[in-house]
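To start, the structure under review is shown below, and the notes come after it.
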Amino acid sequence: MYGLWRPRVLGAWKVPATGPVIFAVNHSHVVDGPMVIGVAPRPSHFLVKKEAFVGLLGPFMTRVGQIKVDRDTTDRTAITRALGVLENGGVLGIFPEGTRGEGDFAALRAGLAYFAVRGGAPIVPVAVLGSSERRGRLIKGLPPLRSRVDVVFGDPFEAGDGSGRRTRRALDEATERIQKQLTAHLENARRLTGR
């Protein structure tokens, strides 16, 4: 990432040094996941749509620990692997909106709350800013080479209410709490970076 762009990483010290953690990353460009993987202070395993595992990229992504997920069904294999990452004290990366979009955390899916509550892991909000501002001249699908991309890590927080409940209502309430925290982090990251 540092060879192709000029990432500015803020707040990396906020990521817990040990134990299970979930990175909740906004997603407005295809480069967002690789950027976070490349600059994060700990190795991370992202849930990635199965469509991305094509050609030589598929075996490479599997080898570096990314988790293939079928978004059209309840993918029990991906769920088991993701929970295994957390049980082993690792970092699980999730795009809580489920797909690329505005990257504003406006519509969250319930998966993030499920993994946070079930895995007992704090969530670290991550804002990637600048990846979708301009298109590159050489490769239109990527940000311009050597352009600045900001990656802002936020304060870790717990998604659950402390009761340990895993009911549908508890997950819905956790999703609401998560959305408020992620939206506040994104607003703060924009102020901090001027983007």
Side-chain angles (χ1 to χ4, degrees), residues 1-2 7-28 31-48 61-67 69 78-98 103-105 108-131 149-166 170-171 173-193 195:
M1 293 298 114
Y2 287 99
R8 178 171 61 167
V9 181
L10 304 170
W13 59 271
K14 296 178 181 183
V15 176
T18 60
V21 173
I22 297 174
F23 287 161
V25 184
N26 68 322
H27 197 24
S28 61
V31 79
D32 296 341
M35 183 64 69
V36 173
I37 292 168
V39 303
R42 291 178 60 185
S44 52
H45 308 272
F46 272 76
L47 287 168
V48 181
M61 288 174 59
T62 301
R63 216 171 20 261
V64 297
Q66 305 319 305
I67 302 169
V69 63
I79 292 169
T80 301
R81 289 193 61 212
L83 288 172
V85 166
L86 297 174
E87 287 168 8
N88 291 323
V91 178
L92 178 64
I94 296 178
F95 300 109
E97 296 163 293
D104 57 3
F105 298 122
L108 301 189
R109 298 176 80 174
L112 174 56
Y114 172 80
F115 287 115
V117 171
R118 174 86 193 278
I123 296 171
V124 172
V126 184
V128 180
L129 303 170
S131 60
V149 177
D150 293 321
V151 180
V152 184
F153 293 90
D155 293 315
F157 66 92
E158 298 293 331
D161 62 3
S163 70
R165 294 179 303 135
R166 296 184 195 167
L171 292 179
E173 291 170 358
T175 299
E176 285 181 33
R177 280 191 293 280
I178 291 168
Q179 187 165 25
K180 288 177 183 169
Q181 291 275 1
L182 297 183
T183 301
H185 171 68
L186 185 58
E187 290 170 5
N188 185 51
R190 286 181 173 147
R191 273 193 307 273
L192 193 62
T193 62
R195 290 189 179 241

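These values consider heavy atoms only, across backbone and side chains, with no hydrogens, waters or symmetry-generated copies.
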Side-chain heavy atoms of H185 within contact of Q181, under 4.5 Å: no
For L86 against V21, the heavy-atom pair lying closest together: CD2-O, 3.6 Å
Euclidean distance, Q66 CD relative to R81 CZ, rounded to 0.5 Å: 9.0 Å
Would you say that I178 contacts P96 through its side chain, given a criterion of any heavy-atom pair below 4.5 Å between the two side chains? no
Nearest 0.5 Å, please: how far is OG1 in T80 from CD in E87? 9.0 Å
How are the rings of F23 and F46 set to each other: parallel, tilted or perpendicular (split at 30° and 60°)? tilted
Test item: M35 and P7 side chains (from C-beta on) under 4.5 Å apart, heavy atoms: yes
Is it the case that over 12 heavy atoms from other parts of the model lie below 6.0 angstrom from the NZ atom of K180? no
Residue pair F153 / V15: nearest heavy atoms and the distance that separates them: CD2-CG2, 3.7 Å
Mind listing the closest non-hydrogen atom pair of G33 and F95 along with its distance? CA-CZ, 3.6 Å
List the steps, then state whether side chain to side chain contact (heavy atoms under 4.5 Å, CB included) holds for I123 with F115. CA-CA 10 Å; I123 296 171; F115 287 115; over 6 Å; no
Side chains of V9 and P41: closer than 4.5 Å at any heavy-atom pair? no
For the CD atom of E187 and the CG atom of L182, what is their distance to the nearest 0.5 Å? 11.5 Å
Under a 4.5 Å cut-off applied to non-hydrogen side-chain atoms, are V124 and V91 in contact? no
Report yes if some heavy atom in the side chain of T175 is under 4.5 Å from a heavy atom in the side chain of L112; otherwise report no. no
Just do the side chain to side chain contact (heavy atoms under 4.5 Å, CB included) check on T193 and V152 with the steps written out, would you? CA-CA 9 Å; T193 62; V152 184; 3.8 Å; yes
Within this structure, what is the CZ-CG distance for the pair R118 and L171, rounded to the nearest 0.5 Å? 11.0 Å
Write down the atom of A174, the atom of A113, and the distance for their closest heavy-atom approach. CB-CB, 4.0 Å
Return the minimal non-hydrogen interatomic distance between E158 and P122, and the atom names on each side. OE2-CB, 3.7 Å
Tell me, do I67 and L92 make a side-chain contact under 4.5 Å, heavy atoms counted? yes
Exam field: side chain R195 to backbone A189, donor-acceptor pair closer than 3.5 Å: no
Result for side chain to side chain contact (heavy atoms under 4.5 Å, CB included) between V151 and one of V39, L10, D32, L129 points to V39
